[in-house]
Amino acid sequence: MMGFCVSTAHAGNLILHMDTVIEILNDVEFHLNGTPDLTIGLDGEEKMRSNFRRKIFAALLSKEKLQEQVENALRFLWKMNETSSLFEGITDKELTFLAKQAVDEFMTMYVECPAIIPRCIWGARPYKGTPTQLKLPLGFVYIHHTSTPSKPCQTFSSCAADMRNMQRFHQDDRGWDDIGYSFVFGSDGYLYQGRGWHWVGAHTRGYNSKGYGISFIGDYMKVLPDSYELELMKNNFIQCSVKGARLQANYTIHGHRQMVPTLCPGDRLFQEIETWKGFKTRCVIDKYGNKLCI
């Protein structure tokens, strides 16, 4: 698993591979994140899906309580292994810090941030050519709808198929290197990785290197995505992006139609994002010299 780096005032940089700490959290992580069963995919009972389990976990156990439990477990382990090199030179204060750091990382990754389905799980093709790296943190988020497919996907299998179809269309018909979006929301309660956090996408012509392109599967001219998708976007994805230093704290949200001539992300979804924190009106001068603000 992962390691944790700890700095101490009296001994420079002390590096501890805290496998033991993560093992304590392993069972919790499994139940929060889950391991896809290829027989049934992720199409289980709605409340047992990963993002719902995370929400329930957060309501049941506070961060402070989890830190207390992890710290107690570490102290017990320390007492049982006083001669082990794992705890050599570790002070009581440092042990508390290790527990806090482990819980902070765990809560951010497995509770506060949405569960993201990686490319290998939804069956992505390889990227064509060499991707261009983004310069983080970015300042913008561009909201899209897919329009085609126009029907929201309700299960992992249908959302994964939509992702593969979109990637095939973007690569084969449009000649792009990969699926254009950075991330895509499905109505199955999951967020799907497109080009991800670090690579320039092909979602908002002229602005691909300035922000993340986030799309909702479906046509949202007249209706909204499920309320859970919107909540996941506003309350989890954005905050996680800022906390992870991938998005600037003073980020700006725009709809695709504000950047290029298009109906995307649909009239109804655009009305919704106009109410979101970070949304800003954008004014341009058209070819006739008129100032247009949207």
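Sequence positions, counted from 1, serve as the residue numbers for this chain.
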Notebook entry, point to check: Do Asp267 and Arg257 pass the side-chain contact (heavy atoms from CB on, under 4.5 Å) test, and can you show the C-alpha distance, the side-chain angles, and the key distance before you say yes or no?
Noted result: CA-CA 10 Å; Asp267 291 347; Arg257 62 176 59 184; 2.8 Å; yes
Notebook entry, point to check: Is there a donor-acceptor pair closer than 3.5 Å between any side-chain N or O of Asp226 and the backbone N or O of Tyr228?
Noted result: no
Next item on the list: To the nearest 0.5 Å, tell me how far Glu94 CD sits from Asp92 CG.
Entry: 9.5 Å
Next item on the list: Ignoring hydrogens and angles, state whether a donor on the side chain of Asn208 or Tyr212 is under 3.5 Å from an acceptor on the partner side chain.
Entry: no
Check: Hey, are the side chains of Lys63 and Val103 touching, using non-hydrogen atoms and a 4.5 Å cut-off?
Finding: yes
Margin query: Main chain of Leu95, side chain of Trp78: is a donor-acceptor contact present, judged purely on distance under 3.5 Å?
Written below: no
Under 3.5 Å, sequence neighbours excluded: what are the donor-acceptor pairs made by side chains of residues 283-294?
unit_1: Asp286; atom_1: OD1; unit_2: Tyr288; atom_2: N; d: 2.9
unit_1: Asp286; atom_1: OD1; unit_2: Gly289; atom_2: N; d: 3.0
unit_1: Asp286; atom_1: OD1; unit_2: Asn290; atom_2: N; d: 2.7
unit_1: Asp286; atom_1: OD2; unit_2: Asn290; atom_2: ND2; d: 3.4

Margin query: Which label fits Tyr181 and His170: parallel for a plane angle under 30°, tilted from 30 to 60°, or perpendicular past 60°?
Written below: perpendicular
Next item on the list: Please test Arg268 against Leu224 for side-chain contact (heavy atoms from CB on, under 4.5 Å), starting from the C-alpha separation and ending with a verdict.
Entry: CA-CA 6 Å; Arg268 188 65 188 91; Leu224 279 173; 3.5 Å; yes
Checklist line | Validation row: Met166, Pro149 side chains within 4.5 angstrom (heavy atoms) | finding: yes
Check: Does the Gln258 side chain pair with the main chain of Gly255, one donor and one acceptor, at a distance under 3.5 Å?
Finding: yes
Note to self: Centre-to-centre under 6.0 Å for Phe279 and Phe270, is that the case here?
What the structure shows: yes
Next item on the list: Search all heavy atoms of Cys153 against all heavy atoms of Asp162 and return the closest pair with its distance.
Entry: CB-OD2, 3.5 Å
Next item on the list: May I ask you to check whether Ser157 and Thr155 show a side-chain donor-acceptor distance below 3.5 Å?
Entry: yes
Item checked: Nearest heavy-atom neighbours spanning Met233 and Ile214 -> SD-CG2, 3.9 Å
Next item on the list: Please check if atom NZ in Lys151 has more than 12 non-hydrogen atoms from other residues, nucleotides or ligands closer than 6.0 Å.
Entry: no
Check: After noting the C-alpha distance and the side-chain angles of His145 and Asp219, does the key distance pass the side-chain contact (heavy atoms from CB on, under 4.5 Å) rule?
Finding: CA-CA 6 Å; His145 71 167; Asp219 183 336; 3.6 Å; yes
Notebook entry, point to check: How far apart are the closest heavy atoms of Gly129 and Pro131, and which atoms are they?
Noted result: O-CD, 3.9 Å
Check: Out of curiosity, Glu229 CD to Ile217 CD1, how far, rounded to the nearest 0.5 Å?
Finding: 8.5 Å
Check: Side-chain contact, heavy-atom cut-off 4.5 Å: Lys243 with Ser241?
Finding: no
Check: Taking all non-hydrogen atoms of both residues, which atom of Tyr220 and which atom of Ser187 are closest, and how far apart?
Finding: OH-OG, 4.3 Å
Next item on the list: For Glu112 and Asn236, work out which heavy atoms get closest and say how close.
Entry: O-ND2, 2.9 Å
Item checked: Worked verdict on Tyr251 versus Leu138 for side-chain contact (heavy atoms from CB on, under 4.5 Å) -> CA-CA 8 Å; Tyr251 62 86; Leu138 302 181; over 6 Å; no
Margin query: Distance check, rounded to the nearest 0.5 Å: Thr146 atom OG1 versus Asn165 atom CG?
Written below: 11.0 Å
Next item on the list: If a pair satisfies salt bridge (Lys or Arg N to Asp or Glu O under 4.0 Å) and one of its residues is in residues 114-127, list it, with sequence neighbours excluded.
Entry: Arg119-Asp178, Arg125-Asp172
Check: Would you find more than 12 non-hydrogen atoms of other residues, nucleotides or ligands less than 6.0 Å from Lys210 atom NZ?
Finding: no
Notebook entry, point to check: Are side-chain heavy atoms of Leu269 and Phe216 found at a separation under 4.5 Å?
Noted result: yes
Notebook entry, point to check: Within a reach of under 6.0 Å around NZ of Lys100, are more than 12 heavy atoms found that belong to other residues, nucleotides or ligands?
Noted result: no
Margin query: Rounded to the nearest 0.5 Å, what separates atom OH in Tyr127 from atom CD in Gln171?
Written below: 9.5 Å
Checklist line | Exercise: do Arg75 and Asn72 side chains pair donor with acceptor under 3.5 Å | finding: no
Notebook entry, point to check: How are the rings of His144 and His203 set relative to one another: parallel (under 30°), tilted (30 to 60°) or perpendicular (over 60°)?
Noted result: perpendicular
Margin query: Give me the atom names and distance for the closest heavy-atom approach of Pro265 to Ile273.
Written below: CG-CD1, 4.5 Å
Note to self: Treating Arg164 as the side-chain partner and Ala124 as the backbone partner, does any N or O pair qualify as donor plus acceptor under 3.5 Å?
What the structure shows: no
Margin query: Is the shortest side-chain heavy-atom distance between Tyr192 and Ile121 below 4.5 Å?
Written below: no
Checklist line | Ring centers of Trp197, Phe237 separated by less than 6.0 Å | finding: yes
Check: Is the shortest heavy-atom distance from the side chain of Glu272 to the side chain of Thr275 under 4.5 Å?
Finding: yes
Checklist line | Side-chain H-bond candidate by donor/acceptor type, His256 with Ser215, under 3.5 Å | finding: no
Item checked: Approximate separation, where rounding is to 0.5 Å, of Leu247 CG and Leu136 CG -> 9.5 Å
Next item on the list: May I ask you to test the Gln193-Pro118 pair for a side-chain heavy-atom distance under 4.5 Å?
Entry: yes
Note to self: Do Thr148 and Phe169 have side chains that approach each other closer than 4.5 Å (heavy atoms only, starting at C-beta)?
What the structure shows: no
Next item on the list: Evaluate whether atom CZ of Arg205 has more than 12 neighbouring non-hydrogen atoms of other residues, nucleotides or ligands under 6.0 angstrom away.
Entry: no
Next item on the list: List, by chain and number, the other hydrophobic cluster members for Leu263, where Ile, Leu, Val, Met, Phe, Trp and Tyr join if side-chain heavy atoms come within less than 4.5 Å, directly or indirectly.
Entry: Met221
Notebook entry, point to check: Would you find a donor on one side and an acceptor on the other, under 3.5 Å apart, between the side chain of His254 and the backbone of Ile143?
Noted result: no
Check: About how many Å separate CD of Gln248 and CZ of Phe140, when rounded to the nearest 0.5 Å?
Finding: 8.0 Å
Notebook entry, point to check: Just by distance, do the side chain of Thr262 and the backbone of Cys264 share a donor-acceptor pair under 3.5 Å?
Noted result: yes
